[in-house]
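Below: one structure, written as C-alpha cells.
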Amino acid sequence: MQLTLWTYEGPPHVGAMRVATGMQGLHYVLHAPQGDTYADLLFTMIERRSARPPVTYTTFQARDLGGDTADLFKDSVRTAYDRFKPQAMLVGASCTAELIQDDPGGLARALNLPVPVIAVELPAYQKKENWGAAETFYRLVRTLAQPVERTPSARPRCNILGPTALGFRHRDDLREITSLLNRMGIDINVTAPMGATPDDLARLADADFNVVLYPEVAGTAATYLAKTFGQKSTRIVPIGMGATRDFIAEVAELAGIDATAVLDEANAHMPWYARSVDSNYLTGKRVYVFGDATHVIAAARIAQTELGFTVVGMGTYSREFAREVREAAKLYGVEALITDDYLDVEDQVASLHVELVLGSQMERHIAKRLGVPCAMISAPMHVQDFPARYAPQMGFEGANVIFDTWVHPLMMGLEEHLLGMFREDFEFNAAPSHLGTSPARMEAPVAAPALAAAAPTPAADTLVMDRPAESITAKGQPVWSADGEKELGKIPFFVRGKARRNTERYAAEKGIAVISVETLYDAKAHFSR
Amino acid sequence: MDGIAAIAPQAASGCGDAPVLKERGQREVFCGLTGIIWLHRKIQDAFFLVVGSRTCAHLIQSAAGVMIFAEPRFATAIIDERDLAGLADCNDELDRVVTRLLQRRPEIKLLFLVGSCPSEVIKLDLSRAAQRLSRQMSPAVRVLNYSGSGIETTFTQGEDACLASLVPELPVAADDAPADLLVVGALADVVEDQMRRLFSAMGIERVSFLPPRRSGDLPAISPNTKMLLAQPFLAETGRMLEERGVTRLAAPFPLGIEGTTLWLQAAAKAFAVPQSTFDSAIAAPARRGSEAVAKVREQMAGKSIFMFPDSQLEIPLARFLARELDMKLIEIGTPYLHRQHLASELDMLPAGTMLSEGQDVERQLDRCRDAKPDLTVCGLGLANPLEAEGLATKWSIELLFTPIQGFDQAADLAELFARPLVRRAKLRV
C-alpha cells in the first residue's frame, strides 16, 4: 500500500478514456462500479468539452455481484453499439472490475458485433494513466492499421501521433505543428488519436514517417509502426527555440527536404526578449522543474540555455521515462527525482531554495505554500490549463508563450533591486510581490496547521518565515548577534534561508561564536559565485 | 406563505402513493467516497483514510474540482499488486500507512478507515483493522470504519455510512436525563448556529449536532433524546439511532420557508413549546426569508424543471421549487427513495409529479431532451453537454456545498436555481 495525498496520474483506464475521447467514431465500454463515472467530469468540466466522453459504464453494484456481472457487461456493450453505432469499440475493466475477472474482451467478442472490438487490459494495480493511454493507442493501431497501396504524392506525407483529450495544450500544439509542417511542404496523412476515426487509423501506413509529439502516449504505437510498416519517427519534441529548430532539421531529413526557408522565417520574439537587457535579472535564477518526462526535459533545456536560469533540480512522475529524464538532468549537473509522491517533491523544492518552480498544479500548491513564483508546464490538468486563447507550448509561437508564462510570475529586475535596497520600507512584507497580497500571507491561515504538521520540511518554514528555530544555536553552535540578525532581515526573502545557513556554516568552520554583521559579509564573500 | 396554518401538508393531493418509475442501467452518480470532500472539513480533528485504488484517490481530488487545501485531512492508501498477490500482508501494510500518517498529523483524534470498491471486493476486513488500530492508538486516536464504496453507496450515502459509524460511539446519558434534541446531518457551521439560536428562542436549550465540529464533542444520547434529521439521506444513521432508543421526529426537511417552519415545528411540538412562543421565535426570520424568496419567485414561477438523480435531496428540493417558487416539475429523479423519512415530503408534492428512482442515464437523457425543460438539475458529467445542446442546467453538487437550509438561506437556495436562467438572459455572446 502506498499513502497518497494527491496523485499525479489517474488510473490507466482514464488514459484509455483520453484516447477514446480524443477520437471520433469510437465507443468505449468500461466494466466499472457505480461511481467511476466521475471520470466524465474530467472532460466536461476541466477541459470544458461540449459532449460527453464516448464511454458507457456498466456501473455494477453490490447486488449485481451476487448475480451475473458478465451478462450486465454484455448487455451494456450491445446497447451501446445499438445506440451509438461506432466504427469500432473498445472494451475493458476498471480497477474493481479487474478483480472480478469477467473477461470483457471475450464477452464482447462473443456478441459478434459487425465492427472491430478491441480489448484493452490495463492492470490498474501496477500501471497509471499515461501508460494506459499508450497501451490503448497501441492496441488500436495494432488492430486497425492495415498495409496500404501508397497514394502517389509529390509532397512528403507524415502522421502526427500523440495528442489526446485532456492533454496539456495538445489542442494548440497540434495546430502549431500542423501549420509548421505544412509550411515545410509536408502533408499530414492522419493525426491521431485527436480527431481520428478508426477508419483513419486503418490508413496510417500511407505516410512516409511519423511525428511523435508526446512519447508518453504515442511511443509504443510509433515503435510498432516502425517495425510493421518501416515508418521512421521523430525523436525530438519541439518545445523551446532550440528544440524546435532541431525538430525542423530532423523532420527535413526524414522528409528529404530543405528546411532553410522555414528556419529563416521563424517568427519568434522570444530569442530577442531573452537577449534584451531587461532580461539580465533572469540570469542564474534558481529553477526547479517537475512534471511529465516530455515537458520536463524540454523545460529544463529552455530554462538553462534559452533564459539563462540555473536548473537546481528536476524530476518526473513518468517512471516509464526515468532513464531519459536522468540523462537530461546530467546535462545540468543535477540528479533527477523520479517519484509519484508529491511530499518528496515538496521536500526537494523546499530544501533547494528555488526562485521559480516550473511544474504541474501539484507544484503550484507547493510553490504557494513556500511563497515561490510558479508556472505550469505539465499535466495533471487544472481548468486553468485550458486557456481560451491560443497558447501552444510547441513551435516558435510556443516559445513566445513560454517566455511570457515563465517570466511574468517573477519580479522585474528593477523592482527586485528596490526591494533589496529598502528592506525596511514598512510596506514590504516577508514575501513582497508585484502581484499584490503576497502568496505567503494569503496562504498562511490555511497552510499554517498543515505546515506545522509537515515535520520533515523544516526548510519550508525557513524559506517563508525565516524562523530562527532553524538556526543551529540550539546545538551549541554559533549564535546571531542582534545586528547580524537585523542585517540578515535585509536580504531578500527568497535567498535569506540560504544566506542564514551559509553564514552559520562559515562561522562554525571558522570557530566564530557570535555572528556579527561582519561575519555575514565575510561569509557572503566566501561563498560568492 | 403567511402563517403556518396556510402551509399545512395537503395529503389528499400529494404523491404519497404515486407510482415511481424504477430504472436500472448506467448510473451517472458519484460513489459514497465523495462525501469526504465536505466531511473532512466538518469534523476538524478527523482524518479520512480511503483504503482503495488509484481511481479512488483520483475521484476525490477530481470531484472536489479544485485542490483547495495544501494538505487536506484525507488520503488514500492505494492497494497495489503486492497486496493483491499476498506478498504483503494487508493488515501490516495498513498499520504502516496509518503510523506514518499519524506521525505527520499528530493533531488528529479520529481516524476513519473508509472502505472502497476494491477493498470490499477483496474482502479486506476494515472493521477488525479499525478495532486493532484503535486499541494500539488509544487513547490518543479513535479509529472507526465505514464503506464509501460505489458498489454499496451512492454519493450522500457515504455521509450516512460515516455518521452511522459514529452512532455506537455516542456516550450514554442517564435514563432519566432531561429531554434533549439531536440534529443529525452535516450542516454548514453558519446554519447550525442559526438553528441553535432559533431553538434557544423557542426555549429548547439542550441541542446537539451530529456530526460535531470536534470529535471529542460527540453528543450523549438517552431514551429521552429526540432527533430531527437535517438531511434526507440518513437512512442507516436514523435506524441505528432509533435502535439506541432515540425518537425520530417526523418532519419535512428544512429547505425553504415552509420546510424550515414545519421542521422547527416538529421540535416545538415534541418539546411542548407554546404556540405563541414558537410563532414569535420564527416570525422575524420567516418573514424576511419569505420576502426574499418572493423576489425570486417572480422570475421562476411557471418555469419547468427536470432533476437527474444525485443526492437524495431531490424530493425536498422539488417540494420547495413547486410550492414556494411555483415551478412546474417534469421529472424528479432520485438515486434512492426512502419512503418513511420522506413521507411528509411526498405528501406535499403536487399530485401527478413524475418520480423516478435509480437511473438509466441514456434513457433519462432522451426523456429530458423530449421534455425541453426550462432548467435541468444534473451532475458535473452531464451539465456542459446539455448546455451545449441548448438546455439550461444547474449542477447539483453545489447544493451540497452551499448553506441552503433554514430561513435565512431559503432565498440563497432559490437563487441557485434562478442564476442559470438569469445568466442566460444576460449573455449576448
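Just so we're on the same page: letters track the sequence lines, and every chain starts at 1.
Within the 4.5 Å cutoff, side-chain heavy atoms of A:L41 are placed close to those of B:F30.
Closest approach of B:C90 and A:M1 over heavy atoms only: O-CE, 3.7 Å. Across all their heavy atoms, B:P385 and A:A51 have their closest contact at CG-C, 3.8 Å. The two atoms that bring B:L59 and A:G35 nearest to each other are CD1-O, 4.4 Å, heavy atoms only. The minimum heavy-atom distance between A:T37 and B:V29, with the atom names listed, is OG1-O, 3.1 Å. Scanning all heavy atoms of the two residues, the minimum distance from A:Q61 to B:G150 falls at CG-O, 4.4 Å. When every heavy atom of B:E152 is checked against every heavy atom of A:A62, the shortest pair comes out as CG-CB, 4.1 Å.
When each of A:Y38, A:Y125, A:Y57 is checked for heavy-atom pairs under 4.5 Å with chain B, A:Y38 comes out on top. The choice from A:E129, A:R48, A:H13, A:K128 that makes the most heavy-atom pairs within less than 4.5 Å of chain B is A:K128.
When heavy atoms are compared at a cutoff of 4.5 Å, B:V361 approaches chain A solely by way of its side chain, counted from C-beta outward. In this structure, chain A has no heavy atom under 4.5 Å from any part of B:S149. B:D366 touches chain A through its side chain: at least one heavy atom from C-beta onward sits under 4.5 Å away, while N, CA, C and O do not.
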Inset, instruction - May I have the step-by-step check of salt bridge (Lys or Arg N to Asp or Glu O under 4.0 Å) for B:R24 and A:D75, ending in yes or no? - result: CA-CA 12 Å; B:R24 282 192 74 174; A:D75 283 349; over 6 Å; no

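The CD atom of A:Q126 sits 9.5 Å away from atom CG of B:D80, with the distance rounded to the nearest 0.5 Å.
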